[in-house]
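Shown next, in structure tokens, is the structure this report addresses.
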Amino acid sequence: MARILITSALPYINGIKHLGNLVGSQLPADLYARYMRARGHEVMFICATDEHGTPAELAAAKAGEEVSAYCARMHAVQAELARGFGLSFDHFGRSSSPQNRDLTQHLAARLAKAGLIEQVSESQVYSPADGRFLPDRYITGTCPACGYENARGDQCENCTKQLDPTDLINPRSAISGATDLEVRATRHLFLRQSALRARLDAWIDSQQGWPVLTTSIAKKWLHDGDGLQDRGITRDLDWGIPVQFDGAPWEGMEDKVFYVWFDAPIEYIAATAEWAEAQGLSDAAWRRWWRTDAGADDVRYVQFMGKDNVPFHTLSFPATLIGANFDGTEPWKLVDYIKSFNYLNYDGGQFSTSQGRGVFMDQALEILPGDYWRWWLLSHAPESSDSEFTWENFQAGVNKDLADVLGNLVSRVTKFCRSKFGETVPEGGAPGAREAALRAALEGRLRAYERHMEAMEVRKSAAELRALWVLGNEYLQEAAPWAAFKNDPAQAAMQIRLALNLIRVYAVISQPFIPDAAARIMAALGSGDWSWPDDLAGALEVLPPGQGFMVPDVLFAKIGDEQRAEWAARFSGQRAEA
RNA sequence: GGGCCUGUAGCUCAAUUGGUCAGAGCAGAGCGCUCAUAACGCUUUGGUUGGGGGUUCGAGUCCCUCCGGGCCUACCA
């Protein structure tokens with residue numbers, strides 16, 4: 001039994017995430033977590049809401065709430081949606097937790113002690129009307145290069161020229177529209193990542209088999225131009241983790257907070273501490289996952305994220321942890337494997353939170369249960385390149401794979417048995433060559449499925465699982481128990497007993513993809529044996545003759561053409577305000 | 001501008017990192033079955049692997065070039 005630590009990129013707090021966000025991190029992370037638990041490994045699956053930063057403040061203001069109240073409310077909303085999608089976090093934390101505050105301040109202090117923190121004076125645009133410093137992209141104005149009037153302070157979206165906010169003509173606040181902007185001097189802490197560049201480079205080089213997407217992005221940042229740049233880790237905001245030093249104000253840093261990207265990954269650790277507290281456990285319970293001097297040396301740590309998150313997970317966060325261990329007294333667990341994903345597009349364009357384009361998690365669950373989405377999204381995960389959601393493809397995938405291949409199989413087997421033998425696993429008959437061939441075919445595909453799941457090859461895993469389901473239909477067609485029943489009822493009994501057991505095995509192995517449907521199958525069959533079919537022959541005899549079962553309700557309803565058309569129309573345009 | 005990824009049958013994707021690999025699923029066509037959510041099974045039609053050139057005994061697989069799509073480019077997170 002191995003110990004596996006799994007983290008999903010943290011969903012940001014300002015609103016409900018769309019399906020692209022879901023399939024890029026939380027969903028595949030959950031798939032892996034469920035699979036590893038099913039294989040008997042000890043798993044710690046951590047996620048949390050990422051709550052700090054300017055967008056959270058603005059979203060709260062827009063909602064007319066205190067930012068802390070807003071975050072608490074949205075955290076509850078996101079947690080509920082996560083449950084709806086069957087996301088099996090061991091803990092779904094909050095980056096605003098006391099644990100994260102303490103740990104973030106602690107790690108910053110360690111980095112300072114290591115000489116990896118530097119105070120830098122810089123000029124920032126301040127908006128008196130908004131009462132805040134404005135991040136570059138919250139300043140808009142006319143692009144000096146192309147004349148586009150809504151250019152952002154970091155880059156003109158029209159001509160793609162990179163800008164400095166002070167380049168803009170007629171700059172104004174993107175928040176209030178205020179034009180009385182001024183440039184003020186401010187001081188910030190910088191993490192001297194550049195000092196760790198060689199360490200990070202060697203560390204990346206030492207990793208085996210990481211996705212190209214992961215390493216190429218990391219390498220780009222390490223070697224592009226002047227190499228890895230130091231990074232500001234503080235901001236002039238109210239909402240965030242105060243920049244303090246062992247509880248005392250950090251000189252010159254009064255009224256500042258840590259940059260959200262500094263504290264967000266630290267929340268992976270802090271959330272584990274939150275978990276320990278919630279479980280009534282001691283610090284040792286979470287430290288054995290995160291400190292190699294406290295038991296984490298045999299932990300395998302896997303992170304899941306969209307490609308936009310890669311730089312922070314390959315560079316900044318490792319730099320934080322490596323730097324904090326400058327004297328060898330705080331060996332933090334570094335990630336062992338980073339599974340990164342491309343983007344899921346929506347029907348020819350991008351999902352857009354701001355434009356309300358695409359399907360959001362709450363809307364998805366209003367339409368259909370989580371399993372439908374889990375299956376389609378995972379079987380189309382954007383692993384090698386961006387992939388695309390279309391209602392036609394969604395309908396086809398759900399109807400064919402879930403309703404026809406798996407759902408109908410469960411239906412035909414249980415209903416046939418009920419009509420010929422009653423709702424009891426029938427006895428009699430002896431397996432023959434056909435059954436041996438089925439077992440061999442299952443064995444081959446099951447091991448392939450396991451290999452793909454181990455390797456986090458999400459789409460290949462889904463394809464293999466589907467192929468396993470198909471074997472059931474093939475067997476039934478060949479065995480034809482409805483024909484055998486006429487002349488040799490015992491033969492038919494054996495065949496259908498095997499089929500019932502096969503369905504149970506399908507429930508067990510399909511559980512990582514479609515946990516709810518799997519549970520319904522198991523409940524209908526009256527089985528609570530979720531053990532993985534390492535011994536396939538044995539697993540196919542778990543349901544003994546005489547055991548009662550029930551015909552389950554239709555596992556997956558089909559999506560009709562009219563319904564599909566209606567949904568396509570409903571989600572094409574502006575999302576109604578939630 | 002720079003960097004990275006990507007372009008394989010109508011659609012979604014595979015091809016053990018140069019050696020029968022040109023494949024699967026869906027869609028289409030035909031046949032079969034009738035237990036089942038008009039479901040299932042079998043057979044089958046589609047591709048000169050974006051265009052062009054090159055290396056090699058041999059290239060979706062390597063090189064050059066052109067065309068198309070996407071992402072990143074460090075103060076959104």
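Keep in mind that this is a model prediction, so the values were computed, not measured. To find a chain, count down the sequence lines: A is the first, B the second, and so on, and within it residues start at 1.
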Ring center gap for A:Trp376 and A:Phe389 short of 6.0 angstrom: yes
Output field: ring centroids A:His188/A:Phe258 closer than 6.0 Å: no
Sugar-phosphate, base or nothing in reach of A:Glu122, heavy atoms under 4.0 Å: base
Interatomic distance where CZ belongs to A:Arg520 and P belongs to B:rU37 [whole Å]: 15 Å
Distance in angstrom units between A:Glu383 CD and B:rA15 P, rounded: 10 Å
Exercise: identify the closest heavy-atom pair between A:Glu51 and A:Cys71: OE1-CB, 3.4 Å
Touch class at under 4.0 angstrom, heavy-atom based, for A:Glu392 against every strand present: nothing
Check against side-chain hydrogen bond (donor to acceptor under 3.5 Å, both in side chains), A:Gln193 and A:Arg231: CA-CA 7 Å; A:Gln193 298 182 136; A:Arg231 183 149 199 135; 5.7 Å; no
B:rG46, syn or anti by chi within 90 degrees of zero: syn
side-chain N/O A:Arg466 vs B:rA24 OP1/OP2, d < 4.0 Å: no
Sugar-phosphate, base or nothing in reach of A:Asn399, heavy atoms under 4.0 Å: nothing
Result block: side-chain N/O donor-acceptor pairs under 3.5 angstrom for residues 404-413 of chain A, not counting sequence neighbours:
{"unit_1": "A:Asp404", "atom_1": "OD1", "unit_2": "A:Lys558", "atom_2": "NZ", "d": "2.7"}
{"unit_1": "A:Asp404", "atom_1": "OD2", "unit_2": "A:Lys558", "atom_2": "NZ", "d": "3.3"}
{"unit_1": "A:Arg412", "atom_1": "NH1", "unit_2": "A:Asn473", "atom_2": "OD1", "d": "2.8"}

OP1 or OP2 of B:rC40 under 4.0 Å from side-chain N/O of A:Lys400: yes
Selection from B:rC40, B:rA77, B:rC75 that lies nearest to any side-chain heavy atom of A:Gln124: B:rC75
Length of the CG-P vector between A:Leu500 and B:rA36, whole Å: 15 Å
Between B:rC67 and B:rA27 - C1' atom distance, rounded Å: 29 Å
Paired stretches of RNA chain B - 3 or more consecutive Watson-Crick or G-U pairs, each distance under 3.5 Å: B:1-7 with B:67-73, B:10-13 with B:23-26, B:28-32 with B:40-44, B:50-54 with B:62-66
Check against salt bridge (charged side-chain N to carboxylate O under 4.0 Å, His left out), A:Asp130 and A:Arg132: CA-CA 5 Å; A:Asp130 294 300; A:Arg132 62 163 66 239; 6.0 Å; no
Neighbours of RNA chain B within residues 478-495 of chain A, by heavy-atom distance under 4.0 Å: A:Trp482
Rounded P spacing from B:rG19 to B:rG54 in Å: 22 Å
Inter-nucleotide P distance (B:rG3, B:rC64), Å rounded: 12 Å
A:Gln477 (side chain) and B:rC42 (base): donor-acceptor pair under 3.5 Å: no
5'-most by nearest nucleotide on RNA chain B - A:Tyr12 or A:Leu222: A:Leu222
Residues that A:Trp375 engages under side chain to side chain donor-acceptor pair (under 3.5 Å), provided they are two or more places apart: A:Asp401
Touch class at under 4.0 angstrom, heavy-atom based, for A:Phe133 against every strand present: nothing
Any residue meeting ring pair (Phe, Tyr, Trp, His ring centres under 6.0 Å) with A:Phe190, in chain and number order, not counting sequence neighbours: none
A:Lys307 side-chain proximity, nearest of B:rG70, B:rC76, B:rC40: B:rG70
Among B:rG41, B:rU37, B:rC76, the nucleotide that comes nearest once only the side chain of A:Pro135 is considered: B:rC76
Sugar-phosphate, base or nothing in reach of A:Val470, heavy atoms under 4.0 Å: sugar-phosphate
Closest to the A:Asp404 side chain, choosing from B:rC72, B:rC40, B:rG41: B:rC40
Short side-chain N/O contact from A:Tyr259 to OP1 or OP2 of B:rA77, under 4.0 Å: yes
Heavy-atom closest pair, residues A:Asn14 and A:Tyr70: CA-OH, 3.4 Å
Verdict with supporting geometry, A:Arg187 and A:Ser121, side-chain hydrogen bond (donor to acceptor under 3.5 Å, both in side chains): CA-CA 4 Å; A:Arg187 298 177 68 76; A:Ser121 288; 2.6 Å; yes
Sugar-phosphate, base or nothing in reach of A:Val260, heavy atoms under 4.0 Å: sugar-phosphate
Cationic tip of A:Lys307 above A:Tyr343 ring, under 6.0 Å, 45° of axis: yes
Atom-pair distance (OH on A:Tyr372; C1' on B:rU37), nearest Å: 10 Å
Interatomic distance, A:Arg231 CZ vs B:rC76 P [rounded to whole Å]: 9 Å
Salt bridge flag under 4.0 Å for residues A:Asp201 and A:Lys219: yes
Contact under 4.0 Å: A:Lys558 side-chain N or O vs B:rA38 OP1/OP2: no
Pair of N/O donor and acceptor under 3.5 Å linking B:rA77 base with A:Trp261 side chain: yes
Among B:rC72, B:rU37, B:rA36, the one nearest A:Arg412 by side-chain distance: B:rA36
Rounded distance (Å) that lies between atom C1' of B:rA36 and atom CG of A:Leu555: 12 Å
Length of the line joining A:Asn309:CG and B:rA74:P, which is rounded to integer Å: 16 Å
Sugar-phosphate only, base, or nothing, as touched by A:Lys420 at under 4.0 Å among non-hydrogen atoms: nothing
Sugar-phosphate only, base, or nothing, as touched by A:Gly227 at under 4.0 Å among non-hydrogen atoms: base
Evaluation steps, salt bridge (charged side-chain N to carboxylate O under 4.0 Å, His left out), between A:Glu383 and A:Lys339: CA-CA 9 Å; A:Glu383 288 177 299; A:Lys339 176 72 176 179; 3.0 Å; yes
Pairwise P distance, B:rG25 and B:rU44 [rounded to whole Å]: 11 Å
Touch class at under 4.0 angstrom, heavy-atom based, for A:Gln229 against every strand present: base
Ring centres under 6.0 angstrom apart (A:Trp373, A:Phe394): yes
A:His223 NE2 - B:rA74 P separation (whole Å): 18 Å
Anti or syn - B:rG60, cut at 90° from 0: syn
Pair A:Arg184-A:Glu182, salt bridge (charged side-chain N to carboxylate O under 4.0 Å, His left out): steps then yes or no: CA-CA 6 Å; A:Arg184 289 190 183 179; A:Glu182 50 193 68; 2.9 Å; yes
Nucleic acid footprint by protein, nucleotides 3-13 of chain B - heavy-atom cut-off 4.0 Å, B for base, S for sugar-phosphate alone: SSSS----SSS
